[in-house]
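Please read these numbers as outputs of a predicted model, since none were measured by experiment. Quick note: numbers below take in every heavy atom, side chains included, and nothing from hydrogens, waters or symmetry partners. Order of listing sets the numbers, starting from 1, for every ligand and every atom in it.
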Amino acid sequence: MQADPAGLPLGHLPGTRYPDARVESLDKRFPRQGNAAIERIATGFRWAEGPAYFRDGGYLLWSDIPNNRIMRWLEEDGHVSVFRTLSNYSNGNTRDREGRLITCEHDTRRVTRTELDGAITVLAERFEGKRLNAPNDVTVASDGAIWFTDPGYGIDGDYEGHKDVFELPGNVYRLDPRSGALGVAADDFVRPNGIAFSPDESRLYVVDTGITHGGPSHIRCFEVAEGRLRNSRVFTGDFAPAMSDGLRVDTAGNVWCSMGWGDPTEDGVRCYAPDGTLIGKIRLPEVCSNLCFGGRKRNRLFMTASTSVYALYVNVQGTQRP
Ligand code: MG
């Protein structure tokens, strides 16, 4: 499990010196922790995605999609083990306001909740009688509404799910917490992907990875009012030939997004101020898929990146949503 396909050991990256030159500040607002450096905390996966941190248990979960499993890393001693197999080729994970795990599953084309006793409840698998494509990423609002994206990468082929027919466009959905009704929140994406709210939930950020299918490579921002989206605009982009995938927001409203693919010099994470200014970069040795905040003080950034998971302490806290 701790094999080393990218040729790097676990722990701090080779040549570490403070401040870590791989953590690049472009603006004084970038909340860098000067005497902290990037650590590689786990490796040996095929495509790590969907990190979610459990402060109560002191562990990080993430999906290893092609291996059809969810992994767990214990913060106390760094132990890595399989949390769930078979995971139905799970992708994005988060927690709801009661701390329960919410998971996007490619193979079963659904969103599930893992109850506190381990039972799995299906939250969404169809819209107007048609099967969802392959839900990708998810976040939960403070009112309990579950917002998720459904680009369908999991049915493009047999590596991250199974090849299957699209029955619906790539929509962004909102699952109403009271009625359980599923509604389309946005229907004009090519491939909606990472999704996160601003701290006060007045804004919703959604990545479009449409570049994989002839579309854009950017992050959009919506105003949110009474469970509906309005006033769509491009928050930042164009990332081409690179693309983002997952994102999270800190308590200062900064948007942290993964970056990778088309430009190897951009592999890692970018941080944007709420006004859209690029204020910092974290350079990783692998294509980054997603990230989340965690640690006892929510000031540790966990980054799933291709075959490995990386961590970095930063001088800001993530919002409560893991
Ligand atoms: Mg994703």
Could you check whether any side-chain heavy atom of D245 comes within less than 4.5 Å of a side-chain heavy atom of E49, counting everything from C-beta outward?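 Touching, per the 4.5 Å side-chain cut-off.
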
Look at N193 and state whether any of its N, O or S atoms is less than 2.8 Å from the Mg ion (ligand 1).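 Checking the Mg ion (ligand 1) against N193, an N, O or S atom does fall under 2.8 Å.
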
Distance to the ring centre below 6.0 angstrom and angle to the axis at most 45 degrees; does that hold for R248 and F293?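 No - R248 does not lie over the ring of F293 by the 6.0 Å and 45° rule.
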
Below 4.5 Å, heavy atoms only, C-beta onward: do M71 and F45 meet side chain to side chain?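 They are in contact (side-chain heavy atoms under 4.5 Å apart), so the answer is yes.
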
N, O or S of D137 under 2.8 Å from the Mg ion (ligand 1):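 Short answer: no, not a single N, O or S atom is under the cut-off.
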
With a cut-off of 2.8 Å, does any N, O or S atom of N136 fall short of it relative to the Mg ion (ligand 1)?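 Looking at N136, which is the residue asked about, there is an N, O or S atom under 2.8 Å from the Mg ion (ligand 1).
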
At the Mg ion (ligand 1): angle between D245 atom OD1 and E49 atom OE2, to 10 degrees: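 Output for this angle: 80°, rounded to tens.
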
Distance flag, aromatic centroids of W147 and F197, threshold under 6.0 Å: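 That pair passes the under 6.0 Å test.
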
